[in-house]
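Some notes on the structure that comes next.
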Amino acid sequence: MLSEPRSGRLAAWGNALFAGLVSPDDAVLAIVGEDAVHRVEGLPGEPGPVGLTLALGRLRALGVKGLRVALPAPGHPLGLSGPPDFNARALDAEEAVVCHGVALGLVPEVYEAGPEGDVHVEVVWHCLAVREAPPADVPSLGEAERELAEALRDATEVLSRLDVAGSGPVAEAAVDAYRARAERGREVLAPGYPPRAVRVLELAQRVGLLISVAYENGHGGAVSASEISARALALRPVERTARRAQVAAYNAFVEERERGGR
């Protein structure tokens, strides 16, 4: 969870574009990020893959009013509403974007080529039919913020007791990298998102950092099987809660519009 999901960038900047808050060029630049190129395949009316600028324009013309994020994991179809074939592809990718206003969804497929350190990344978003239904297990921003604070407090207590809190060069490098990104003032979300969504996403990303450091540091001081199991049990619900909070933050734009807040 250290890296921002591609579905999050697509939804956030796509929403800002649909609302007229950013230009198509700025939106596409933010969505592509460090990748080489993004294309969309399977758009209604298009015989083959098209670029993001055309794809976003076509989605808006089809009646798409906003974009939501799904971050499913095995046993947890977070943000999905079906049908099964779309859910299966989203689960395989561990992310998806679901359109609001038109029954379509987008699942990324990532292609990498080149040597380590000079990897060329291309992304193809597969446009598929979805079921028009409420997304699964997505909390409100308020719920997500409360759940995240509680889960982080509980997990920190357990990890500290087991001596597996972040320590060592791997942990220090991860923390330094996170702080460097924050100090550069990167935009956590696109223009138009409520401040609470930004706050929730930032907290979810910090929790993701803690989880990643704990996993990447091996077993730390948890030397017995029972201690290793206790750490896994402590991390699992926190990871789930952090994913729920991420989805709530990315989806806040559409939720506010649905409530008539915009």
Side-chain angles (χ1 to χ4, degrees), residues 3-40 43-46 50-71 79 95-108 123 125 127 130 132 134-135 138-145 181-206 243-262:
S3 60
E4 184 181 24
R6 290 181 172 90
S7 56
R9 295 204 304 267
L10 176 57
W13 289 90
N15 284 332
L17 175 63
F18 293 160
L21 300 174
V22 297
S23 69
D25 288 346
D26 287 344
V28 169
L29 187 64
I31 293 166
V32 172
E34 296 181 359
D35 298 333
V37 65
H38 283 215
R39 296 185 179 88
V40 180
L43 270 174
E46 295 293 340
V50 299
L52 267 182
T53 303
L54 177 58
L56 289 168
R58 177 56 59 90
L59 288 173
R60 180 158 52 181
L62 289 169
V64 173
K65 300 175 182 177
L67 302 171
R68 288 188 172 104
V69 169
L71 297 177
E95 61 177 313
V97 170
V98 179
C99 298
H100 172 57
V102 176
L104 293 172
L106 302 157
V107 179
V123 179
W125 293 88
C127 185
V130 299
E132 292 185 282
V138 178
S140 68
L141 276 177
E143 291 169 338
E145 195 168 28
R181 289 198 304 272
E183 288 170 0
R184 284 199 300 269
R186 68 185 179 90
E187 289 187 274
V188 177
L189 281 169
Y193 273 82
R196 192 173 201 176
V198 176
R199 186 168 67 246
V200 168
L201 185 57
E202 286 178 330
L203 181 57
Q205 290 174 342
R206 288 200 296 272
R243 283 191 299 107
R244 277 166 47 87
Q246 275 193 305
V247 171
Y250 284 121
N251 293 3
F253 196 101
V254 173
E255 305 309 328
E256 281 212 344
R257 292 178 72 89
E258 279 195 314
R259 289 195 303 268
R262 293 185 179 276

Mark yes or no for whether N251, through its side chain, and R68, through its backbone, hold a donor-acceptor pair below 3.5 Å. no
To the nearest 0.5 Å, tell me how far F18 CZ sits from R257 CZ. 10.5 Å
Nearest non-hydrogen partners of L141 and A252, listed with the distance: CD1-CB, 3.7 Å
Tightest non-hydrogen contact, residues A55 and V40, listed as CB-CG2, 3.4 Å
Side chain to side chain, L203 and V200, heavy atoms closer than 4.5 Å: no
Do R9 and D35 have side chains that get closer than 4.5 Å, going by heavy atoms? yes
Separation between CG of L17 and OG of S23, rounded to the nearest 0.5 Å: 8.0 Å
Do V102 and E132 come close enough that some side-chain heavy atom pair is under 4.5 Å? no
Begin with the C-alpha distance, continue with both residues' side-chain angles, and end with the deciding distance and a verdict on side chain to side chain contact (heavy atoms under 4.5 Å, CB included) for H38 and R6. CA-CA 10 Å; H38 283 215; R6 290 181 172 90; 4.2 Å; yes
List for me each residue that meets side chain to side chain contact (heavy atoms under 4.5 Å, CB included) alongside E143, sequence neighbours excluded, and say none if there are none. P139, S140, R146, E147
Closest heavy-atom pair and its distance - A190, A12: CB-O, 3.4 Å
Quick one, E46 with L54, criterion side chain to side chain contact (heavy atoms under 4.5 Å, CB included). Give me CA distance, side-chain angles, the key distance, then yes/no. CA-CA 10 Å; E46 295 293 340; L54 177 58; 4.1 Å; yes
With heavy-atom distances below 4.5 Å as the criterion, would you say the side chains of V130 and C99 are in contact? no
Atom CZ of R39 with >12 non-hydrogen neighbours under 6.0 angstrom: no
If you round to the nearest 0.5 Å, how far is CG of L106 from OG of S7? 10.0 Å
Going from CH2 on W125 to CD1 on I31, what distance comes out if it is rounded to the nearest 0.5 angstrom? 8.5 Å
Just how far is it from atom CZ of R244 to atom CG of L71, taken to the nearest 0.5 Å? 12.0 Å
Please determine whether side chain to side chain contact (heavy atoms under 4.5 Å, CB included) holds for the pair L201 and L189, giving the CA-CA distance in whole Å, both sets of side-chain angles, and the decisive distance to 0.1 Å. CA-CA 8 Å; L201 185 57; L189 281 169; 3.7 Å; yes
Report yes or no: does E95 contribute a side-chain atom to a donor-acceptor pair with the main-chain N or O of V107 at less than 3.5 Å? no
So, does R58 use its side chain to make a donor-acceptor pair with the main chain of P44 at under 3.5 Å? yes
Under a plain distance cut-off of 3.5 Å, with no hydrogens placed, do Y250 and N15 share a side-chain donor-acceptor pair? no
pair Q246-V69: side-chain heavy atoms closer than 4.5 Å: no
What verdict does the side chain to side chain contact (heavy atoms under 4.5 Å, CB included) test give for L67 and V254, after you've listed the backbone C-alpha separation in whole Å, the side-chain angles of each residue and the deciding distance to 0.1 Å? CA-CA 7 Å; L67 302 171; V254 173; 5.6 Å; no
